[in-house]
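Heavy atoms only: backbone and side chains are in, while hydrogens, waters and symmetry mates are out.
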Amino acid sequence: MAVKKGVKQILKRCSSLGKKNTGEESGELPGDVPKGHFAVYVGEKRSRFIVPISLLSHPEFQSLLDMAEEEFGFHHDMGLTIPCEEMVFRSLTSALR
């Protein structure tokens, strides 16, 4: 199965997963994101969630990434923002794990 363009961009941005943020390189993740995970922001209040990279392989999660790309693009300061209600996101990610 081919990896979608959006998923490839996410994986590229997540290449520093598990590394501590030294501040030397821009784009590194904060130190509170464990190896094998990435942070997303969800809902109106932009609640932060730490999710496993394994979710990227699920078609349902890929649909969320497609929606995020259409609405926000992948290049903005806030981080990856998912256009989804928080309760729906929690239910979906719980079902996929």
Side-chain angles (χ1 to χ4, degrees):
M1 178 169 100
V3 179
K4 291 185 175 184
K5 177 184 169 190
V7 175
K8 284 182 182 179
Q9 289 176 339
I10 295 297
L11 288 172
K12 186 175 181 181
R13 290 182 65 189
C14 294
S15 65
S16 64
L17 285 176
K19 294 180 182 176
K20 290 189 177 182
N21 191 357
T22 61
E24 294 175 13
E25 291 183 47
S26 63
E28 280 192 24
L29 295 173
D32 67 336
V33 178
K35 185 175 183 177
H37 292 74
F38 62 102
V40 296
Y41 298 88
V42 179
E44 270 185 43
K45 296 181 182 179
R46 302 293 191 255
S47 299
R48 186 172 186 252
F49 291 87
I50 307 297
V51 296
I53 286 180
S54 61
L55 291 185
L56 293 172
S57 65
H58 292 278
E60 296 87 353
F61 197 82
Q62 290 180 10
S63 293
L64 287 177
L65 293 177
D66 290 340
M67 289 180 355
E69 182 178 29
E70 286 176 22
E71 189 162 335
F72 304 113
F74 284 117
H75 303 287
H76 50 91
D77 295 334
M78 176 77 175
L80 177 60
T81 304
I82 305 288
C84 179
E85 290 183 22
E86 194 173 322
M87 181 179 266
V88 173
F89 182 81
R90 286 180 191 267
S91 295
L92 176 66
T93 55
S94 292
L96 295 178
R97 290 183 191 198

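Listed here is the closest heavy atom pair of Leu56 and Gln62: O-NE2, 2.9 Å. Between Leu64 and Phe89, the closest heavy-atom pair is CD1-CD1, 4.0 Å. The two residues Tyr41 and Arg46 have their closest heavy-atom pair at CD2-O, 3.5 Å. The two atoms that bring Ala39 and Ile50 nearest to each other are CB-CD1, 3.8 Å, heavy atoms only. Across all non-hydrogen atoms, the minimal contact from Thr81 to Ala68 is O-CB, 3.2 Å. The two atoms that bring Arg90 and Phe49 nearest to each other are CZ-CE2, 3.7 Å, heavy atoms only.
Residues passing the side chain to side chain donor-acceptor pair (under 3.5 Å) test with Ser47, sequence neighbours excluded: Glu86. With sequence neighbours excluded, the residues that form a side-chain contact (heavy atoms from CB on, under 4.5 Å) with Leu55 are Val51, Pro52, His58, Phe61, Thr93, Leu96, Arg97.
The hydrophobic cluster containing Val88 does not contain Val40, counting ILVMFWY residues as joined when their side-chain heavy atoms lie under 4.5 angstrom apart, directly or transitively.
In this structure, CG on Leu80 lies 12.0 Å from CZ on Arg48, to the nearest 0.5 angstrom.
By the 6.0 Å contact criterion, CD on Glu60 is enclosed, its count of non-hydrogen atoms from other residues, nucleotides or ligands being greater than 12.
Counting only distance, with no hydrogens or angles, the side chain of Ser57 and the backbone of Ser54 share a donor-acceptor pair below 3.5 Å.
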